[in-house]
Each structure stands twice: as C-alpha cells, then as structure tokens.
Asks: 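Would you mind keeping the following structure in view while I ask a few things?
Lettering of chains follows the sequences in order, A, B, ..., and the numbering in each one begins at 1.
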Amino acid sequence: MERLGRDFFARDTLAVARELLGQRLVRVLEGKRLSGRIVEVEAYVGEEDQACHARSGRTERNASMYGLPGCAYVYFIYGMHHCLNVVTEQEGFPAAVLVRALEPLEGIDVMRARRGGRTEVELVSGPARLCQALAIDRQFDGADLCESDADLFIEQEEGVPGGAVVTGPRVGVRGDDAALAALWRFCVRDSRYVSRR
DNA sequence: GGATCGATCGGCT
DNA sequence: GCCGATCGATCCG
C-alpha cells in the first residue's frame, strides 16, 4: 500500500484536513499493524488562529508544529491524555491537522486490550482514545511519518467524496473571531465512529 | 512563584 | 449533564 508522502502534507492545511478523511492511519507496534480509517479531523492554522497552540509563538511544547510537514505533533493535556496532529504547510509555518477519530480496521484485539475491553466504537473515537489504543505518546512528537522505516504513517486509500463530508466548528472552540468561528472540523457523514455527533 | 485552565475521558447522578 | 483526575504551559503580580 502506498504511503502519503511529504508533498501531500506540504499544502494548505484545510485541503490536507479534508483529504485526510478516508485515509488509513497505521501504527506498527511490536511488529503488528494497528490501523484505522480517519473519519474526523480538525485544522489548526498559524499564530493568528487563536485556538492553535502556536497562538503565543513558538515554545518547546509546540516546536514540532513549526517543523517539517508530514511529521507528528503530539501533545500532552489534562494531565493524562495525548493527542496526535500531523504537521502541514511549509517548514517554519505552524499548522497541523488534529486526528480526532478513526474507524478501527486492523489490530482491534490489541486496541481493545489497551483500552480496557471497550466496545468497538469507544476504541478510537476521540483524539486521546486513539492515542491510547495505538500507543502514541510524546515519543512520537516530531516523528517523521514519511520516513520509510517509520512505525507511524498514513496509507493512501480512496478518499471521501465531497457530499459525504460534514464540516462544523472545532470542538471546544468558540468565539466571534473569524478563525474561531471557522468550520475547520471535518467529519465523514454518517460514520458511527465520529467522536461527537 | 503561584494561579489558572486546557484541541479529554470516564464514571456517577 | 456534571465532575474529578492530574500535568505543564502561560499569564499575572
């Protein structure tokens, strides 16, 4: 299966977010493939976006958002959770796509074991849930998903047609500012695996 | 140096 | 629906 390369990510963040729907996120854990189809993402774009972690400029935490497109930005939040982003646009411009939900495809038994035997929908429908299921933590912050020996990467699948995409405001983001009000959340319509309907 | 609160989740009412 | 868990970045004094 072909992997998405750096050219895919080195583009407008909204286009990347939209086109990531339907693609397959793969984590190789102890030689075994864990994977899922991406059904929900959000775009975070630049220092002007007041919901973006780069809104106050570059810090140690958000440094990988300023790095190479196609790398991971993994952050730790609420004292216990990790969330996975894929860095977009050109190096030096802080932008990324948050992966919020998957439809489980491979390694479901491993995911269930890592998640305490929850139902299939609860395994990876949520940004912190999928990190727990796929064993993604800050070890992956800055990891290059386009390297040939990466154990986290995205495989190309058939995309989702325009009519099957739903947009909305980003979760936990509200305000009158143009970026805050923007519909930068993209979901696969009718997917049972989207995190909040 | 201290207070605050966050791109969340799961358990309980 | 609400609340507690629990770390760390940011902001204020």
Side-chain angles (χ1 to χ4, degrees), chain A residues 9 12-14 16-18 20-21 25 36 38-67 69 71-89 93-104 111-143 145 152 154 165-188 191-197:
Chain A
F9 300 103
D12 174 76
T13 306
L14 299 180
V16 174
R18 159 72 184 76
L20 273 175
L21 293 179
L25 179 68
I38 298 172
V39 296
E40 178 184 351
V41 296
E42 288 176 358
Y44 289 86
V45 188
E47 295 178 351
E48 308 306 312
D49 175 2
Q50 289 304 300
C52 180
H53 285 172
R55 61 184 171 274
S56 301
R58 184 181 182 135
T59 65
E60 196 169 335
R61 181 204 200 197
N62 66 27
S64 42
M65 279 187 109
Y66 289 78
C71 290
Y73 164 48
V74 179
Y75 64 88
F76 183 62
I77 195 162
Y78 295 116
M80 56 179 71
H81 297 303
H82 297 276
C83 296
L84 169 70
N85 295 252
V86 186
V87 176
T88 58
E89 315 243 1
F93 183 84
V97 176
L98 171 68
V99 182
R100 286 194 55 93
L102 306 175
E103 171 184 338
M111 296 183 196
R112 188 168 280 127
R114 296 188 52 80
R115 291 271 304 136
R118 293 176 193 287
T119 69
E120 187 161 309
V121 169
E122 291 173 319
L123 291 181
V124 283
S125 68
R129 289 173 172 179
L130 72 90
C131 283
Q132 188 182 2
L134 301 187
I136 296 168
D137 59 18
R138 275 176 297 182
Q139 282 184 175
F140 282 95
D141 186 36
L145 309 192
L152 182 66
I154 300 176
V165 176
V166 194
T167 62
R170 293 171 290 179
V171 172
V173 175
R174 43 192 66 236
D176 297 328
D177 178 271
L180 296 183
L183 306 181
W184 287 351
R185 180 187 187 206
F186 301 85
C187 302
V188 174
S191 172
R192 313 154 44 213
Y193 299 94
V194 164
S195 70
R196 306 187 195 183
R197 313 254 33 219

Asks: Using atom C1' in both nucleotides, what's the gap between B/dG10 and C/dG8 to the nearest angstrom?
Replies: 22 Å

Asks: Does A/R18 make a cation-pi contact with A/F186, if we ask for NZ or CZ under 6.0 Å from the ring centre and within 45° of the axis?
Replies: no

Asks: Calculate the interatomic distance between A/Y75 atom OH and B/dG6 atom C1'; express it in whole Å.
Replies: 9 Å

Asks: Determine whether a donor-acceptor pair (one donor, one acceptor, N or O, separation below 3.5 Å) exists between the side chain of A/H53 and the base of B/dA7.
Replies: yes

Asks: Return the stacking result for C/dG8 and A/F76: yes when the ring centres lie under 5.5 Å apart and the planes under 30°, no otherwise.
Replies: no

Asks: Without decimals, in angstroms, what is the distance between A/R61 CZ and C/dC7 P?
Replies: 15 Å

Asks: For DNA chain B, write out the stems as range with range, using runs of 3 or more consecutive Watson-Crick or G-U pairs with both distances under 3.5 Å.
Replies: B:1-6 with C:7-12, B:8-12 with C:1-5

Asks: Going by atom types only, do A/Y193 and A/E40 share a side-chain donor-acceptor pair under 3.5 Å?
Replies: no

Asks: Are more than 12 heavy atoms, taken from residues, nucleotides or ligands other than A/Q50, located less than 6.0 Å from that residue's CD atom?
Replies: yes

Asks: Between B/dT4 atom C1' and A/I77 atom CD1, what is the distance in whole Å?
Replies: 13 Å

Asks: Without decimals, in angstroms, what is the distance between A/Q132 CD and B/dG10 C1'?
Replies: 11 Å

Asks: Rounding to a whole Å, what distance do you find between A/L130:CG and B/dC9:C1'?
Replies: 13 Å

Asks: Of the listed nucleotides (B/dG10, C/dT6, B/dC9), which one gets closest to any side-chain atom of A/M80?
Replies: C/dT6

Asks: Take atom CD in A/E48; do more than 12 heavy atoms of anything else shown fall under 6.0 Å from it?
Replies: no

Asks: Expressed as a whole number of angstroms, how long is the span from A/N62:CG to B/dG6:C1'?
Replies: 14 Å

Asks: Assess the side chains of A/R115 and A/Q132: does a donor N or O sit below 3.5 Å from an acceptor N or O?
Replies: yes

Asks: Could you check how far CG of A/L84 sits from P of B/dC9, rounded to whole Å?
Replies: 13 Å

Asks: Looking at every strand, decide which applies to A/A128 at a 4.0 Å heavy-atom threshold: base, sugar-phosphate, or nothing.
Replies: sugar-phosphate

Asks: The side chain of A/T59 lies closest to which of these nucleotides: B/dG10, B/dT8, C/dA9?
Replies: C/dA9

Asks: What's A/G126 touching, base or sugar-phosphate or nothing? Going by heavy atoms closer than 4.0 Å.
Replies: sugar-phosphate

Asks: Is it the case that the side chain of A/E42 and the backbone of A/V171 share a donor-acceptor pair, with hydrogens and angles ignored and the cut-off at 3.5 Å?
Replies: yes

Asks: Name the orientation class of the two ring planes belonging to A/Y73 and A/H53 (parallel below 30°, tilted from 30 to 60°, perpendicular beyond 60°).
Replies: perpendicular

Asks: Return the value, rounded to whole Å, for the distance between atom CZ of A/R138 and atom P of C/dT6.
Replies: 15 Å

Asks: So which nucleotide from B/dG10, B/dT8, B/dA7 ends up closest to the side chain of A/R118?
Replies: B/dG10

Asks: Side chain of A/D49, backbone of A/R55: donor and acceptor closer than 3.5 Å?
Replies: no

Asks: Run through A/L84, A/I38, A/V41 and flag the one making a side chain to side chain contact (heavy atoms under 4.5 Å, CB included) with A/V97.
Replies: A/V41

Asks: Atom pairs, N/O to N/O, protein against nucleotides 11-13 of chain C, distance under 3.5 Å?
Replies:
| from | atom 1 | to | atom 2 | distance (Å) |
| --- | --- | --- | --- | --- |
| C/dC11 | OP1 | A/S56 | OG | 3.2 |

Asks: What's the shortest heavy-atom distance between A/T13 and A/A96, and which atoms?
Replies: CG2-O, 3.7 Å

Asks: Using a cut-off of strictly less than 4.0 Å, decide whether A/R115 has a side-chain nitrogen or oxygen near OP1 or OP2 of B/dC9.
Replies: no

